[in-house]
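One structure below.
Lettering of chains follows the sequences in order, A, B, ..., and the numbering in each one begins at 1. This is a predicted model, so every value here is computed, not measured.
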Number of protein chains: 2
Amino acid sequence: MSKPVIVGLVDDHVLLRKGLASLLVDNGYPLVIQADNGKQFIDKLSGDEIPNIVLLDINMPVMDGYATAIWLKEHYPQMKILALSMYDDEHSIIRMLRNGAGGYILKDCEPAELKIAIEAILQKGYYHNELVSSKLIHTMQNADNGSARNGYPELSTKEVKFLQLICSEMTYKEISAVMKLSPRTIDGYRDALFEKLGIKSRVGLVMFAIRNHLINV
Amino acid sequence: MSKPVIVGLVDDHVLLRKGLASLLVDNGYPLVIQADNGKQFIDKLSGDEIPNIVLLDINMPVMDGYATAIWLKEHYPQMKILALSMYDDEHSIIRMLRNGAGGYILKDCEPAELKIAIEAILQKGYYHNELVSSKLIHTMQNADNGSARNGYPELSTKEVKFLQLICSEMTYKEISAVMKLSPRTIDGYRDALFEKLGIKSRVGLVMFAIRNHLINV
DNA sequence: GTGAAAAAGGGTGAAAACACCTACTTAAAG
DNA sequence: CTTTAAGTAGGTGTTTTCACCCTTTTTCAC
């Protein structure tokens, strides 16, 4: 054994986090730095106890897993990231991997797999299980015909904003006022999204936004 | 100390469950019976090690927390139930309490609260924290003017079915065909729901259905 | 600067969604 | 047996959504 491994653990569900911390301690990782969200975790990094690896939840208040991963890769590029999520959808997986995660495991996996994943990431820098591989392959196969690394076509900032506003009871006219754009332009956004995503109605766009976690329900 | 307490733990998120089990053991509850879902838990009850209290997750595959609570109250009425969920919405809370839960805590609560809750339920049979109390009061205050124990007005089976179909790209006409009713009747369903729920558009109904877990996203 | 591409803005008409009002049928409640 | 309430169904008209055509402005590479 060389230096002891320090594990970061970022999750807003306190019971899960403390329970997981207890598991980690039992499995030979006595040094666990916990945080409620990305922001709080970053604030704890000022000392000299810098984690070698961080288990990062995606859905958190204040600062979520996506943003945290980007920040960590920027400021602590040597720190390994293992994404930890409830969701097994392509979008979330691909996005976390793009943002610098070395692996992605589900919250309903076996503790044994967690241990294997941690060891793999510490040694090889990555851990790709069945789940991640299948999604990666699927994304790659669709990457040439327009789909990008998200599992669906690239969306602009304004399109995302539009998709979020669409999930309200506002009419397109009211949305155009909020976005300070002409109603016609909004019309164009909608038609472009219909075309890109193969959707035919506003309700379809709403469901797309929800399924891809573009809004918080 | 009298007889040792046996704790049941039903949750499909393996990491959370095993972590929580570890926490429970550390806190003086060495006897924990774990299960992935309600069905599996029921199957484990044949022996003579019957839990005094069960920590029951709501969202699980195969057999969820609602159904499990009802079954337990029917077959093991002496077993205490503590609902354990990620969601703090009125609907879920009220429904679990109606189904026999003695308490309801969130997955992001502190372990200390969990312990307090377990002790209270074992001794008094119930544990009502701030969260539960406020939702209970709100429900009671609205109970006279139409709102029922769900936190929103009672919905008929067909209305629920309608709300589920509304979350698709079908037009009302197509929905009427699926439900074998006149388009006018469907129109009436929509208007009645608008009125009852204070909603003004189809998108609003879609969001309502999702927020109240009437459909799986 | 020029030319291509992307973003924004526009018109018209059909279909869908929404508002409001009435009527019949059935089943429970008086 | 009548009254009420709930479920079903219809008529009419307005607003919103959607489809398909187009032009202007902005951006950016060359």
Side-chain angles (χ1 to χ4, degrees), chain A residues 144-150 152-211 214-215, chain B residues 142-150 152-211 214-215:
Chain A
D144 46 343
N145 59 34
S147 292
R149 12 217 201 295
N150 292 327
Y152 53 80
E154 204 78 55
L155 299 180
S156 69
T157 309
K158 284 193 175 174
E159 280 176 327
V160 171
K161 177 75 177 168
F162 171 67
L163 280 170
Q164 289 167 344
L165 290 172
I166 236 183
C167 297
S168 73
E169 297 195 343
M170 282 189 281
T171 66
Y172 288 125
K173 202 164 145 190
E174 291 167 331
I175 291 175
S176 74
V178 172
M179 292 183 73
K180 300 193 206 320
L181 288 169
S182 158
R184 303 294 169 177
T185 305
I186 294 298
D187 233 64
Y189 280 27
R190 180 198 57 212
D191 294 343
L193 287 171
F194 280 176
E195 175 69 23
K196 273 202 273 192
L197 305 173
I199 289 174
K200 284 176 304 184
S201 73
R202 177 163 172 176
V203 172
L205 291 181
V206 169
M207 295 307 291
F208 173 85
I210 290 166
R211 284 197 245 266
L214 263 36
I215 56 160
Chain B
N142 292 24
D144 47 344
N145 59 34
S147 291
R149 28 249 180 274
N150 293 326
Y152 52 79
E154 204 78 53
L155 299 180
S156 68
T157 310
K158 283 194 175 173
E159 280 177 326
V160 171
K161 176 76 177 168
F162 171 67
L163 280 169
Q164 291 167 343
L165 290 172
I166 235 183
C167 297
S168 72
E169 297 196 343
M170 282 189 281
T171 66
Y172 288 125
K173 202 163 144 191
E174 290 167 332
I175 291 175
S176 75
V178 171
M179 292 183 72
K180 301 191 206 317
L181 288 169
S182 158
R184 303 294 169 176
T185 306
I186 294 298
D187 233 61
Y189 279 29
R190 180 199 57 211
D191 293 345
L193 287 171
F194 280 175
E195 176 69 22
K196 273 201 274 192
L197 305 173
I199 288 174
K200 285 177 302 185
S201 72
R202 177 163 173 176
V203 172
L205 290 181
V206 169
M207 296 306 291
F208 174 85
I210 289 165
R211 284 197 245 265
L214 265 36
I215 56 160

**Study point:** Atom-to-atom span, NZ of A/K158 to P of C/dA6 - whole angstrom
**Key:** 16 Å
Check your understanding: When you check every protein heavy atom under 4.0 Å of nucleotides 23-28 of chain C, what one-letter string (B, S, -) results, 5' to 3'?
Key -> ------
Check your understanding: OH of A/Y189 versus C1' of C/dG9: gap in Å, rounded?
Key -> 11 Å
Point to revise | Positions of residues 175-182 of chain B (non-hydrogen atom under 4.0 Å from DNA chain D), listed by number | key: B/L181, B/S182
Point to revise | Protein-nucleotide distance (A/E174, atom CD; C/dC18, atom P), rounded to Å | key: 13 Å
Point to revise | Reading 5' to 3' through nucleotides 14-24 of chain D, protein heavy-atom contacts under 4.0 Å coded B for base, S for sugar-phosphate only, - for none | key: ---SBS-----
Point to revise | Atom pair distance, as rounded to whole Å: CD in B/E169 and P in C/dA15 | key: 19 Å
**Study point:** For atom CG of B/L205 and atom C1' of C/dC18, their distance in whole Å
**Key:** 11 Å
Review point. End-to-end bend of the helix from C/dG1-D/dC30 to C/dG30-D/dC1 (five-pair axes, 10° rounding)?
Key: 40°
Check your understanding: Between A/F162 and A/Y189, what is the ring plane arrangement, given parallel below 30°, perpendicular above 60°, and tilted in between?
Key -> perpendicular
Under 3.5 Å, sequence neighbours excluded: what are the donor-acceptor pairs made by side chains of residues 198-208 of chain A?
unit_1, atom_1, unit_2, atom_2, d
A/S201, OG, A/G204, N, 3.3
A/R202, NE, A/I166, O, 3.3
A/R202, NH1, A/M170, O, 2.8
A/R202, NH2, A/I166, O, 2.9
A/R202, NH2, A/S168, O, 3.0
A/R202, NH2, A/M170, O, 2.7

Study note, to complete from the structure: When rounded to whole Å, the CD to C1' distance for the pair B/E195 and C/dC20 reads 12 Å
**Study point:** Any pair counted as salt bridge (Lys or Arg N to Asp or Glu O under 4.0 Å), so long as it reaches residues 164-189 of chain B, sequence neighbours left out
**Key:** B/D187-B/R190
Check your understanding: Distance from B/I210 atom CD1 to A/R211 atom CZ, nearest 0.5 Å?
Key -> 8.0 Å
